Amino acid sequence: MNVLQDLQSRDFEQLVVCRDPATGLESVIAIHDTTLGPALGGVRMRSYASTEDAVRDAMSLAQSMTYKSAVAGLELGGGKSVINAPADAADREALLAAHGRFIASLGGRYIPGADMGTGAADMELLARSVPRVSSRRDPSRFTARGVLRALDAAVEWGNLTVRRVAVQGLGKVGSHLVELLLARGVQVVVADVDPERARRYGVDVVPADDILSTDADVVCPCAAGGVLTEAAIDRLKARLVVPGANNVLAHDADAGMLAARGIVFVPDFVANAGGVIACEAEVKGTDDGIDAKIEAIGDTTVSILEEAAQRGTDVVTVATLLADRRLAKCRHQRPYFHPAST
Ligand code: NAI
C-alpha cells in the first residue's frame, strides 16, 4: 500500500511534508484526528533511510496518539512530527526553528512535545514561534506512574505474582519506573544498550538482547517500538507485559499471539498515557485532575482485559474499539480548529 492509500485507509486528516532548503530541514507533521481537540504529540528527531520511512513513522505514531488520548479521556487529538536528521545534527537549532515555523503555520492544530531525540530545551526553542508547546516540563515521571498503575491493575485482575520485573531501556521513562519499583522492594532486572545506564541502579543487569526473554514475572519495554516480534513473543517467560514505549508490537495482530500463550498484555497506548495526561495539564495550565486520570489508567486496563476475555478477542482490538467509540460520539466536532485560526 502506498502512503496515499495508507492515509485514506487510516482516515488521516492531514499530512504535511516540510522542506526548507536554507537549513536542510526535511520533516513531517502527521495529524491523524482532531475530533477531541488539537493534535498533541512529540517531535521525533532521528535519521530515516528515506522520506517515506519518516512519513510512515510519523503516521503510526500520530494514530497511536489519537487512541491514547481518546482512551485516557483527554481533550486532545492525535499527531506527531518527525525531523529526518540525526539527533546530533550540526545545526539542530536551525532545523528546529524551521520545523517550528511549519508547525506555527498550522494555527494551533498540532501541539508539539518532546520525543526521542528532543527534550525540554528544544521545546523552549519551538515556543519562540509556536504558540502552544508541551513537555517544557519533562512528562516521563508521569508516564512511569501510569505504567505502574496499569501493572498493578493487571496483576490484580489476573491474580498474578510480581517478584521480579524486567525493564528494557533506562532512559527517562525506564529509570523513573525502576525507582518506583525499587521503592516498593520489588526485584528488578534491567538492560540498556548503554551499559553505563544499566549499571546505575546496582540491580541485576542482562545483555540488551536477552532482557525480553529473561526470567521475570513482568516485562516493561521502555526503549524503542517494534520490539515484540513473533520471535520475541515466543521467547517471553513473563506472564505480563506492560509497555512504557510506544507501538511495541511489531504487528498489532501479534496481540493474539500473546493471548494464545496466556500472557497478559496491556496495550501501550493505554499503559503509557501518563505522559500525555501531564502534557494536557501543562497546556491547560493546571495540574488538577492529573492524579485522577493516572489512577483511571488502572480502571481502563481492567475493563479492557475483562472485555477481551469475555469476547475472546485480543486487547488491542478492544482498546481500539474503546477509542473509536469515544471518537464516534464526538465526531461532529471534527476537525478541531484553534480559535486563532478562525
Ligand atoms: P529515552 O531516549 O530517554 O530512553 C530510551 C532508552 O532506551 C535509552 O537509555 C536507550 O539507550 C535505551 N535503548 C534503546 N534501544 C534499546 C534496546 N534495544 N535495548 C535496551 N535499551 C535500549 O526515551 P524515553 O523518553 O525514556 O522513552 C522511552 C520510550 O517510551 C520511547 O519509545 C517513547 O516513545 C516512549 N514514551 C515516552 C514517554 C515519555 O514521557 N518520555 C511517554 C510515552 C511514551
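All values reported here derive from a predicted model rather than from experimental measurement. Just so you know, ligand 1 is whichever comes first in the structure, and atom 1 is the first atom listed for that ligand.
In this structure, CG in L126 is found 15.0 Å from CZ in R132, a value given to the nearest 0.5 Å.
Put simply, the side chain of E13 reaches to within 4.5 Å of the side chain of R109, judged on heavy atoms.
Among Q14, Q63, R10, R331, the one residue that satisfies the side-chain hydrogen bond (donor to acceptor under 3.5 Å, both in side chains) test with D33 is R331.
Ring-plane geometry between Y67 and H32 is classed as perpendicular, the angle between the planes exceeding 60 degrees on a 0 to 90 degree scale with a lower cut at 30.
Residues of the protein with a heavy atom under 4.0 Å from ligand 1 are R44, K68, D115, P139, S140, T143, Q168, G169, L170, G171, K172, V173, A191, D192, V193, R197, A208, C222, A223, G244, A245, N246, N272, listed by chain and number.
For the pair R46 and Y48, the cation-pi criterion (under 6.0 Å, within 45° of the ring axis) is fulfilled.
In the displayed structure, Q5 atom CD is contacted under 6.0 Å by more than 12 heavy atoms of other residues, nucleotides or ligands.
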